[in-house]
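Please read the structure below before turning to the comments.
The figures that follow rest on heavy atoms only: side chains count, while hydrogens, waters and symmetry mates do not. Quick note on labels: first sequence line is chain A, next is B, and so on, each numbered from 1. In this text the structure is predicted, and so the values were computed from the model without any measurement.
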Amino acid sequence: MQENPQWQQIYRVASLIPAGQVASYGQVADLAGLPGRARLVAKVLKAADASQHLPWHRILRASGHIAIQGQQGEQQRLRLVSEGVVVEGMRVKMSKYQWQPSLYLMLHELSG
DNA sequence: ATTGTGACCAAAC
DNA sequence: CGTTTGGCCACAA
């Protein structure tokens, strides 16, 4: 865990991504109020532990590629598939699955 | 203080 | 499609 408010905000945004949808590291950073800090999001997710119940597998590169190499990456692919997301190779079509937060969410969950 | 390394990104070729 | 380039940072050496 981490008490750093920036990390907390990243956890908060990530946890809102619905099953069957995906977001990019950069998108999460933007929504968390940290524009241009996609690498921080990646770092935070890597450090996160299972007890936080974060849907880390719904976060990909902006290109739609799974960022993790090896066994973990394969695990991410499987989790996405189990949610109904089509993964071709190690890539997801962002245009089809990208999370688009509603105005309601923006006002009541993200901005506050 | 400087340098190298990341689960990154967008633009340009 | 693939690579390079310049930006972004956090962190360890």
Side-chain angles (χ1 to χ4, degrees):
Chain A
M1 284 288 236
Q2 181 74 60
E3 62 285 353
N4 183 321
Q6 297 188 331
W7 288 45
Q8 297 285 350
Q9 188 65 357
I10 290 170
Y11 297 145
R12 198 146 75 89
V13 171
S15 68
L16 295 174
I17 306 171
Q21 294 182 48
V22 300
S24 72
Y25 295 91
Q27 182 185 6
V28 172
D30 288 346
L31 292 171
L34 303 165
R37 304 184 61 180
R39 308 190 79 141
L40 176 60
V41 172
K43 174 189 166 66
V44 167
L45 290 179
K46 191 165 82 169
D49 59 78
S51 68
Q52 296 177 61
H53 305 281
L54 295 178
W56 57 272
H57 59 288
R58 300 181 188 137
I59 301 176
L60 311 165
R61 284 188 182 154
S63 63
H65 279 106
I66 287 175
I68 313 172
Q69 298 305 308
Q71 183 60 51
Q72 276 291 101
E74 181 58 17
Q75 186 59 226
Q76 180 168 10
R77 187 182 72 76
L78 292 174
R79 285 184 179 227
L80 287 170
V81 169
S82 75
E83 291 184 355
V85 175
V86 175
V87 184
E88 307 166 281
M90 282 308 256
R91 165 200 262 155
V92 171
K93 284 195 176 182
M94 293 304 278
S95 59
K96 185 170 180 182
Y97 299 101
Q98 183 155 71
W99 176 39
Q100 271 154 17
S102 66
L103 179 56
Y104 179 89
L105 263 184
M106 299 282 286
L107 293 175
H108 294 211
E109 302 285 347
L110 301 177
S111 304

Could you give the distance separating B/dA7 and C/dA13 at their P atoms, to the nearest angstrom? 16 Å
Hey, can you tell me if A/H108 and A/Y104 have their rings parallel, tilted or perpendicular (30° and 60° cut-offs)? tilted
State, to 0.1 Å, how close A/G73 and A/M90 come at their nearest heavy-atom pair, and which atoms those are. O-CE, 3.5 Å
Is the base of B/dC8 touched by the side chain of A/R39 through a donor-acceptor pair closer than 3.5 angstrom? yes
Starting at atom OH of A/Y25, determine the distance to atom C1' of B/dA10, rounded to an integer number of angstrom. 17 Å
Which pairs pass salt bridge (Lys or Arg N to Asp or Glu O under 4.0 Å) with one or both residues in residues 72-84 of chain A, sequence neighbours excluded? A/R58-A/E83, A/E74-A/R77
Euclidean distance, atom NZ of residue A/K43 to atom P of C/dC11 [Å, nearest integer]: 4 Å
Of A/G36 and A/R91, whose nearest nucleotide on DNA chain C comes first from the 5' end? A/R91
If the test is side-chain contact (heavy atoms from CB on, under 4.5 Å), which one of A/L54, A/V28, A/I10 qualifies with A/V44? A/I10
Could you check how far CG of A/L31 sits from P of B/dC8, rounded to whole Å? 18 Å
How many Å lie between CH2 on A/W7 and C1' on C/dC11, as a whole number? 11 Å
Does the side chain of A/S24 get closer than 4.0 angstrom to OP1 or OP2 of B/dC8 through an N or O atom? no
Measure CZ/A/R61 against C1'/C/dT3 and give the value in whole Å, please. 14 Å
List the atom of A/I68, the atom of A/Q72, and the distance in Å for their closest heavy-atom pair. CG2-CB, 3.5 Å
A/L40 CG - C/dC8 P separation (whole Å): 15 Å
Between B/dC9 atom P and A/L34 atom CG, what is the distance in whole Å? 14 Å
Could you give the distance separating C/dA12 and B/dA1 at their C1' atoms, to the nearest angstrom? 14 Å
To the nearest Å, give me how far apart NZ (A/K46) and C1' (C/dA10) are. 11 Å
What nucleotide, of B/dC8, B/dA7, C/dC9, holds the atom closest to the side chain of A/L45? B/dA7
